[in-house]
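One structure below.
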Amino acid sequence: MAALDIDGLVKRFSAGDGEIVAVDDVDISIEDGDFLVLVGPSGCGKSTTLRCIAGLEEISEGDIRLGDTSIVGRKPMDRNIAMVFQNYALYPHMTARENMSFGLKMGTDLSKAEIDSKVEDVARMMGIEDLLEKKPRALSGGQQQRVALGRAIVRDPDVFLMDEPLSNLDAKLRTTMRTELQNLQQELGVTTVYVTHDQTEAMTMGDQIAILNDGKLQQIGTPLECYHQPVNQFVAGFIGAPSMNFFDVTLDGDSLEHDAFSYRLSPETLENVDDETTRLTLGVRPEDIEIVDEREPNSFRAIVSVTEPMGSSTHLSLAIGDRQYTATVPGDVLIAPDDQITVTFSEENTHLFDAETGRAVKNREHVRPDTEVQV
Amino acid sequence: MATETDRRWTNVAAVRSRASRWFSDIQEHPFFWILPAALFLGVFLLYPLVEAFRMSVTNMTLLDPTDYSYVWLDTYVRIFESPDFWGMTRVTLIFVTASVVLQLVGGMILAQAIDYGVNRGLHGSIFTRISVLSAWVIPGIVIGIVWKIMLIETRYGVINYIILQLGGDVVSFLSDGQMALLSTIVANTWRGTAFSMIMLYAGLQQVPDQLKDAARIDGASPWQRFRHVTLPLLKPVLFINIVLITIYTINTFDMILALTGGGPGRATEVLALYMYFEAFERFNLGTAGAIAVVMLVVNVFMTMIYIKYLLGEDEF
Ligand SMILES: Nc1ncnc2c1ncn2[C@@H]1O[C@H](COP(=O)(O)OP(=O)(O)OP(=O)(O)O)[C@@H](O)[C@H]1O
Ligand SMILES: [Mg+2]
């Protein structure tokens with residue numbers, strides 16, 4: 001068990017005559033026993049980062065430390081790291097037992113009896129003791145996943161690396177395995193780096209999430225930090241589902257002017273906005289859009305184009321100006337397509353981004369003092 | 001009047017539709033589509049086969065192919081009792097086994113090297129493939145002649161020249177019996193390795209990289225990864241490869257004819273060559289036919305294994 005520190009990691013691939021910078025100066029520290037989720041869109045360098053940690057790729061620059069020692073240049077085996085792959089990567093010609101003991105056979109000089117007892121212990125823990133003599137082909141996706149996890153656990157590694165391990169499972173099983181994986185990780189207390197492109201997985205599983213885009217680290221923090229206080233427009237749009245609405249606005253005096261509405265800002269907010277920036281992006285989460293009476297200040301009209309009832313809530317597609325936006329309203333509010341409604345959002349829930357750099361100018365408060373629960 | 005015309009039209013329509021139904025019946029019948037291939041195979045393969053079989057039960061000679069009588073199994077008995085046949089079989093066995101093993105090993109090494117080169121984006125892998133492949137597409141006769149020139153047993157032979165330069169003595173590559181067999185095997189391996197290389201290279205592409213990565217993390221050395229992951233997954237391809245090159249090597253004849261002509265003595269006379277000499281030098285068409293049938297049986301046997309394996313699917 002150990003903390004993992006990634007320091008200025010750069011990974012370049014040569015491609016033809018040029019080169020691809022797959023990972024660009026990434027710094028991540030994970031405390032001992034923490035669960036870090038690495039999330040980002042396809043091709044942003046998540047797998048590459050993981051492979052660099054595992055030692056499957058040589059790094060171009062930077063340092064990776066496990067505990068206090070650098071593991072750069074060590075063979076994968078000598079890093080004491082276990083990895084779970086997206087397609088499980090079980091050896092098809094070996095039984096579940098052979099799959100799980102392969103690493104111990106190759107990498108250690110344990111006796112056969114010791115290996116067997118270790119494998120059986122883990123199998124019992126994973127609930128797969130009956131499947132040990134089967135080959136992967138005879139197992140369901142979920143069972144294969146368990147064998148793959150078992151293979152990682154049996155080696156008793158310092159760090160788990162998981163590359164989209166749940167993406168091949170169906171939605172229901174994925175939710176179950178998600179919880180199971182979290183419990184398992186907490187029980188074992190092994191530092192874990194978990195890669196996914198699914199922001200729901202990131203939000204629900206991670207102690208910390210690190211958001212990557214285009215090889216660059218955007219933000220690292222707790223899920224709620226990233227949700228409420230995104231450092232830039234990319235993070236704001238990536239975290240949260242349905243994703244945040246962005247309105248292109250210009251600052252005119254004390255109000256934000258949009259094609260379809262104008263929104264007055266309070267003096268406190270205005271203080272934070274640089275005098276020179278007039279082109280801003282206003283970010284509002286769908287659940288922060290409220291339906292109000294038309295006399296309400298800062299309200300404006302919207303036409304409902306599509307409704308998606310989810311039961312407890314309903315997603316509305318709203319036409320505001322010439323663009324579509326999303327609002328989430330309680331499920332018991334009855335609204336039909338083509339209805340005209342008046343909406344607003346409260347200022348404390350809004351985000352403001354510099355339209356050019358995408359940097360956040362104003363975020364909502366992380367935890368509002370009056371809502372903090374006493375325990 | 002109107003009804004008359006009507007009836008005529010209906011008749012025409014009925015005939016036409018019957019014709020088209022007949023035509024489409026034919027079209028849908030598999031026989032119609034197999035016919036050209038069946039005719040081709042019948043005329044050019046089946047007929048000669050039957051002829052060879054018929055010949056093998058006669059005492060036909062090339063001197064007067066019309067004057068013969070049926071001796072039935074006598075020819076076979078004579079072959080199986082002759083020490084010549086068993087000598088040729090032994091030569092064939094050595095030749096085939098050694099060639100197949102060497103081609104497999106060589107093909108595997110080349111396939112791995114190319115796979116490695118391609119993955120690393122190294123230059124030269126295309127060059128390697130083309131040069132190895134060209135050995136394969138050159139006709140056997142030419143290969144035989146090229147090697148014969150290279151192996152000339154004076155200092156004018158390329159290889160003996162090199163050996164002399166390195167301080168050795170001239171080696172009788174072709175005039176010493178064992179050496180000649182070895183030379184034949186080497187030349188045949190040189191020629192056939194490309195085929196194994198292509199098949200095994202294709203097979204290697206089927207082994208998921210993730211499995212090799214998993215094995216690396218599991219702490220397997222390169223040899224262990226090959227032995228425990230790559231090789232088992234390559235088994236189906238390997239098997240089919242073995243069957244195909246075995247068949248191919250059993251039937252090799254042109255290259256040996258050009259390289260050693262079966263000599264010295266009969267040291268490199270494989271069954272295929274034996275058959276050829278029986279027919280066209282000793283004019284015993286009957287004996288040649290019988291050898292052909294024996295070889296056919298071996299080939300059919302190999303093919304059956306091959307087909308059984310293809311249809312049986314692998315065991316993963
Ligand atoms: N071996 C390689 N050679 C060249 N380029 C590579 C190699 N591996 C990855 N890349 C490039 O590096 C970038 C990052 O790839 P990576 O696989 O890390 O993305 P990812 O975030 O895991 O995406 P996904 O969610 O699709 O798995 C991509 O542009 C990819 O094309
Ligand atoms: Mg990936």
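Convention: sequence-line order gives letters A, B, ...; per-chain numbering from 1.
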Counting heavy atoms not belonging to [X], are there more than 12 under 6.0 Å from its [atom1]?
X	atom1	value
B:F301	CZ	no
A:E133	CD	yes
B:Q205	CD	yes
A:D170	CG	yes

TODO: May I have the step-by-step check of side-chain contact (heavy atoms from CB on, under 4.5 Å) for B:R216 and A:L56, ending in yes or no?
DONE: CA-CA 8 Å; B:R216 271 174 77 190; A:L56 294 172; 3.9 Å; yes
Task: Interatomic spacing from CG in B:L211 to CE in A:M94 - rounded to 0.5 Å - done: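 Between atom CG of B:L211 and atom CE of A:M94 there are 9.0 Å.
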Task: Interatomic spacing from OG in B:S221 to NZ in A:K75 - rounded to 0.5 Å - done: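 Here the rounded value is 8.5 Å.
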Task: Region of A:R151 in contact with chain B, defined by heavy-atom distances below 4.5 Å - done: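 The side chain, not the backbone.
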Open item on the list: Between A:Y91 and B:H228 (side chain of the first, backbone of the second, donor and acceptor by atom type, cut-off under 3.5 Å), is there such a pair?
Closed with: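 No.
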Open item on the list: So does B:I217 get a backbone contact from the side chain of A:R155, meaning a donor-acceptor N/O pair under 3.5 Å?
Closed with: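 The answer is yes, because a donor-acceptor pair under 3.5 Å joins these two groups.
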Open item on the list: Within the structure provided, determine whether A:M83 and B:D213 are in side-chain contact (heavy-atom separation under 4.5 Å).
Closed with: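 Heavy-atom side-chain distance check fails, nothing below 4.5 Å.
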Open item on the list: Counting C-beta onward and ignoring hydrogens, is there a side-chain heavy-atom pair between A:N87 and B:P208 closer than 4.5 Å?
Closed with: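 No, their side chains stay 4.5 Å or more apart.
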TODO: Provide the closest heavy-atom pair for A:M77 versus B:G219 in the form atom of the first, atom of the second, distance.
DONE: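 Heavy atoms only, the tightest pair is SD-CA, 3.4 Å.
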- [ ] Give a yes or no on whether a salt bridge exists between B:D218 and A:K105, defined as a side-chain N under 4.0 angstrom from a carboxylate O.
- [x]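 Between A:K105 and B:D218 there is no salt bridge, as every charged N stays at least 4.0 Å from the carboxylate O atoms.
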